[in-house]
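Right, one structure below, let's go through it.
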Amino acid sequence: MGEIMTYDVIIVGAGSAGCPLAARLSENGTRKVLLIEAGPHYRRVEDYPEELLQATSAVSSTPGHPNNWSFIGQVSSKVAYPVPRGKVVGGSSALNATVFCRGTPEDFDGWAAAGNDAWSYEKVLPYFRKIEADRDFTNQYHGNLGPIPVRRVPREDLAPDQQAFLTACLDMGYPEDPDKNSPDSDGVGILPMNNVDGLRVNVAMAYLEPVRNRANLTIESNMFVRRVVFDGQKAVGVEVEQAGETRLISGSEVILSAGAIKSPHLLMLSGIGPAAELRANGIEIIHDSAGVGKNLMDHPTVVVPYSLTKKWADKPNLQQVQVSLQYTATGSPIRHDVEINPCCINPFGSSASGMGSFGGGIAAFLKRPLATLAGLRGVSIKRLVTQLLQRDDLLVICSLQQPEGRGSLTLKSSDPHQQPELRYNYFENSFDRQRMREAVRLTAKLLDHKALKSLGASMKAPTRPVLENDDALDEWLLGNVFTAVHTAGTCKMGLASDESAVVDQYGRVHGVSGLRVVDCSIQPTSVRRPANATAIMIGEYAPDLIGAADPSL
């Protein structure tokens with residue numbers, strides 16, 4: 001195993017946090033930065049596969065796609081489901097639906113109150129502003145000169161189902177919300193998106209393209225990191241595979257920005273994690289850290305399918321989701337803990353407005369059937385086929401934004417190519433079930449509103465008897481839940497006195513030196529919005545935090 005040159009900073013993972021982190025750290029021309037990504041690096045927009053460019057395409061999220069890690073999660077006691085994550089320079093920002101919503105102020109103030117005072121809303125707001133080139137708002141809450149374009153579909157261009165949903169919500173008394181990224185955001189409104197004319201603007205385009213020729217920034221793609229290497233309790237580099245060769249890359253500082261699944265996985269493979277779990281897999285213990293892989297959070301999600309008798313003509317770049325309702329569940333102390341979105345396109349990439357047939361999901365399967373089937377290991381094929389056969393339906397997506405329940409990520413093997421076990425434990429908590437029942441019943445009322453009835457709306461599931469019975473509806477939820485793929489919390493930040501905390505608020509891994517985690521895994525609690533804007537903010541903010549904690553870096 002040969003050794004190659006030493007870097008000042010090695011960043012593992014070129015995703016939503018890793019790309020801005022690398023761009024900002026390499027602004028210091030004397031600091032040698034290495035950014036490592038397991039997937040490919042498309043250096044020009046024209047080099048990307050079409051499905052990565054199209055903001056309306058979900059094809060790259062199909063299991064077995066070469067730019068998808070194709071994880072599988074046990075989301076409930078009844079359901080295993082695909083968990084797509086980006087395997088490409090740009091990470092999951094190259095696969096996602098381009099919704100660009102921040103967390104609520106209470107999310108970040110809650111992090112601060114838990115011993116992470118650098119992460120209050122007041123302190124993170126400047127970094128959200130730094131990210132944005134907002135095309136619609138110019139005020140103290142928005143940036144207009146950042147690398148990420150942010151825009152909203154004009155109201156007159158909303159798809160008919162989206163406009164009808166907006167009208168129904170307003171008529172039912174929910175306030176109109178013109179700016180989902182305002183600290184006072186409340187009610188129903190048009191979502192901010194990071195796409196331009198249908199082009200998904202990922203973080204590689206926004207952050208790396210302008211700086212990739214810096215002499216002190218090296219980007220290694222198609223390089224698989226096996227583990228972090230230690231000298232005693234100090235991280236001194238990473239062991240990698242590339243082009244059939246295994247070697248060591250040395251670094252003064254290693255930063256894991258591989259996401260809330262791969263970052264804890266790498267920690268455990270490297271000897272940092274629950275001691276009993278590491279021993280059971282024959283891994284030498286560097287530091288017994290009980291919280292690694294625990295506190296797994298995401299947004300439990302179900303879809304309510306419905307059909308329309310009135311279709312509409314195709315529109316270029318029709319966005320899957322354009323409108324969103326945030327509200328507080330009855331009796332909940334958590335503001336905006338539920339989100340409901342009408343969706344124009346089903347999760348497998350097929351058109352749901354009568355604008356096509358089987359769509360992206362079937363096309364992806366036909367293109368690479370063996371890879372797709374391999375990526376669906378443990379998943380109910382019957383259930384997926386049923387969903388694909390609903391291709392002419394529209395969907396209303398109901399998501400619980402801050403669940404009480406927690407999941408876990410555990411090792412299956414010391415083999416770094418063996419995926420970890422993901423258990424989300426959705427709806428094991430009674431309060432979570434209560435809030436989601438209410439969301440599905442509210443969706444039924446919205447679909448029964450005259451604005452949607454005028455389009456011929458007809459809800460297809462759950463049936464009326466199921467909808468009206470708590471126990472039956474709970475069973476339906478357990479059998480139909482999936483994940484919003486906003487995974488967080490598996491390397492929770494907190495004080496050293498908190499045995500469940502994995503890192504401090506500067507990203508430094510407790511119990512060792514020379515190693516940090518900078519991505520959504522450090523969140524103590526999930527944000528009440530889609531994850532991508534917060535992930536990018538973490539990558540933007542971390543260089544200043546790193547400098548404050550250790551001026552030598």
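Worth knowing before you read on, the calculation uses all heavy atoms, side chains too, and leaves out hydrogens, waters and symmetry mates.
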Open item on the list: Pairing donors with acceptors under 3.5 angstrom, does anything connect the side chains of S93 and N532?
Closed with: no
Open item on the list: Please find the pair of heavy atoms, one from I261 and one from L409, that lie closest to each other, and give the distance.
Closed with: O-CD1, 3.5 Å
Task: Within-4.5 Å side-chain heavy-atom neighbours: P524 and N116 - done: yes
Open item on the list: Rounded at 0.5 Å granularity, tell me how far CG in L325 sits from CG in D186.
Closed with: 9.0 Å
Open item on the list: Does the plane of the ring in F224 sit parallel, tilted or perpendicular to the ring in H417? Use 30° and 60° as the thresholds.
Closed with: parallel
Open item on the list: Checking the side chain of D298 only, and the main-chain atoms of H486 only, is there a donor and an acceptor separated by less than 3.5 Å?
Closed with: yes
Open item on the list: Does either side chain, that of Y426 or that of S77, offer a donor lying less than 3.5 Å from an acceptor on the other one?
Closed with: no
- [ ] Start with the C-alpha gap between R279 and E284, add the side-chain angles, then the distance that decides, and say whether salt bridge (charged side-chain N to carboxylate O under 4.0 Å, His left out) holds.
- [x] CA-CA 7 Å; R279 288 194 191 99; E284 179 185 354; over 6 Å; no
Task: Pairwise side-chain contact, R437 with D470, heavy-atom cut-off 4.5 Å (strictly under) - done: yes
Task: Salt bridge flag under 4.0 Å for residues E277 and K294 - done: yes
- [ ] Classify the side-chain pair S257/D519 by whether it contains a donor and acceptor separated by less than 3.5 Å.
- [x] no
TODO: Return the minimal non-hydrogen interatomic distance between T443 and C398, and the atom names on each side.
DONE: OG1-SG, 3.2 Å
Task: Side chain proximity check, I255 to I546, heavy atoms < 4.5 angstrom - done: yes
Open item on the list: Given 3.5 Å as the limit, does a donor-acceptor pair link the side chain of Q233 with the main chain of I286, or not?
Closed with: yes
- [ ] Look up atom CD in Q505 and atom CD1 in I522, then write down how far apart they are to the nearest 0.5 Å.
- [x] 9.5 Å
Open item on the list: Main chain of L34, side chain of T218: is a donor-acceptor contact present, judged purely on distance under 3.5 Å?
Closed with: no
- [ ] Apply side-chain contact (heavy atoms from CB on, under 4.5 Å) to V236 and list each qualifying residue two or more places apart in sequence or on a separate chain.
- [x] V229, D231, K234
Task: Side chain to side chain, L35 and L208, heavy atoms closer than 4.5 Å - done: yes
TODO: Take K32 and D8 through the test salt bridge (charged side-chain N to carboxylate O under 4.0 Å, His left out) and record every step on the way to the result.
DONE: CA-CA 5 Å; K32 293 180 181 178; D8 296 307; over 6 Å; no
Open item on the list: Apply side chain to side chain donor-acceptor pair (under 3.5 Å) to residues K492 and S500 and explain how you reach the verdict.
Closed with: CA-CA 7 Å; K492 169 187 165 182; S500 69; 2.9 Å; yes
Open item on the list: Under 6.0 Å from the ring centre and within 45 degrees of the ring axis: does the NZ or CZ of R435 meet both conditions for the six-membered ring of F431?
Closed with: yes
Open item on the list: Within the structure provided, determine whether T328 and I334 are in side-chain contact (heavy-atom separation under 4.5 Å).
Closed with: no
Task: Side-chain donor/acceptor of W111 to backbone N/O of D117, under 3.5 Å - done: no
- [ ] Carefully, step by step, assess F482 and V302 under the rule side chain to side chain contact (heavy atoms under 4.5 Å, CB included).
- [x] CA-CA 6 Å; F482 63 100; V302 297; 5.6 Å; no
Open item on the list: A side-chain contact here means heavy atoms from C-beta on lying under 4.5 Å apart; do R247 and Q242 qualify?
Closed with: yes
- [ ] Indicate whether any N or O donor in one side chain lies under 3.5 Å from an N or O acceptor in the other, for S185 and R529.
- [x] yes
TODO: Tell me, with the steps shown, if E27 and R24 meet salt bridge (charged side-chain N to carboxylate O under 4.0 Å, His left out).
DONE: CA-CA 5 Å; E27 288 175 347; R24 298 309 183 197; 3.0 Å; yes
Open item on the list: Within the 3.5 Å criterion, strictly below it, is a donor on E540 or Y207 matched to an acceptor on the partner's side chain?
Closed with: yes
- [ ] For residues L515 and A235, report the shortest heavy-atom separation together with the two atoms involved.
- [x] CB-CB, 4.0 Å
Open item on the list: For V83 and V485: C-alpha separation, side-chain torsions, deciding distance, then whether side chain to side chain contact (heavy atoms under 4.5 Å, CB included) applies.
Closed with: CA-CA 6 Å; V83 181; V485 204; 4.2 Å; yes
Open item on the list: If you apply the rule salt bridge (charged side-chain N to carboxylate O under 4.0 Å, His left out), what do you find for K78 with E475, and how did you get there?
Closed with: CA-CA 9 Å; K78 293 179 177 291; E475 283 296 302; 3.3 Å; yes
- [ ] Find the distance between SG (C491) and CG (L256) and round it off to the nearest 0.5 Å.
- [x] 7.5 Å
Task: Side-chain donor-acceptor contact under 3.5 Å, T490 with S521 - done: no
Open item on the list: With a 3.5 Å distance limit and no angle check, can you tell me whether T104 reaches the backbone of D107 through a side-chain donor-acceptor pair?
Closed with: yes
TODO: Could you tell me whether the side chain of D432 and the main chain of G405 form a donor-acceptor pair under 3.5 Å?
DONE: yes
Task: Side chain R200, main chain L52, donor-acceptor under 3.5 Å - done: yes
TODO: Could you tell me whether the side chain of V509 reaches within less than 4.5 Å of the side chain of D504, counting heavy atoms only?
DONE: no
Open item on the list: Working note: N425 + R406, criterion side chain to side chain contact (heavy atoms under 4.5 Å, CB included); need CA distance, chi angles, decisive distance, verdict.
Closed with: CA-CA 7 Å; N425 300 331; R406 293 289 185 271; over 6 Å; no
TODO: Give a yes or no answer on whether the side chain of N194 reaches the backbone of I148 with a donor-acceptor pair at less than 3.5 Å.
DONE: no
Open item on the list: Checking side-chain hydrogen bond (donor to acceptor under 3.5 Å, both in side chains) between Q326 and each of H336, R528, E339, which is the one that passes?
Closed with: E339
Task: Minimal non-hydrogen separation, G39 against S221, with atom names - done: O-CB, 3.3 Å
TODO: Please report the C-alpha distance between V79 and N480 in whole Å, then the side-chain angles of each, then the deciding distance to 0.1 Å, and finally whether the side chain to side chain contact (heavy atoms under 4.5 Å, CB included) criterion is met.
DONE: CA-CA 7 Å; V79 177; N480 287 275; over 6 Å; no
- [ ] Evaluate the side-chain proximity of E37 to M223: yes if any heavy-atom separation is below 4.5 Å, no if none is.
- [x] no
Task: Ring-ring centroid check F128 Y541, cutoff 6.0 Å - done: no
- [ ] State the CD1-OG distance between I283 and S270, to the nearest 0.5 angstrom.
- [x] 8.5 Å
TODO: Could you tell me the separation between the CE atom of M537 and the CG atom of L125, rounded to the nearest 0.5 Å?
DONE: 10.0 Å
TODO: Ignoring hydrogens and angles, tell me if any N or O in the side chain of Q419 forms a donor-acceptor pair with the backbone of W69 under 3.5 Å.
DONE: yes
- [ ] Would you kindly say whether D337 and S332 are connected by a side-chain donor-acceptor distance under 3.5 Å?
- [x] yes
Open item on the list: How close do V512 and H287 get, counting heavy atoms only, and between which atoms?
Closed with: CG1-CB, 4.1 Å
Task: Candidate pair N341 and S324, rule side chain to side chain donor-acceptor pair (under 3.5 Å), full reasoning - done: CA-CA 5 Å; N341 303 307; S324 176; 2.8 Å; yes
- [ ] Would you mind listing every side-chain hydrogen bond (donor to acceptor under 3.5 Å, both in side chains) that reaches into residues 118-128, with sequence neighbours excluded?
- [x] Y127-D544
Task: Smallest separation among heavy atoms of C101 and K180, with atom names - done: SG-CB, 4.0 Å
- [ ] Measure from the side-chain N and O atoms of E239 to the backbone N and O of R226, and report whether any donor-acceptor pair falls under 3.5 Å.
- [x] no
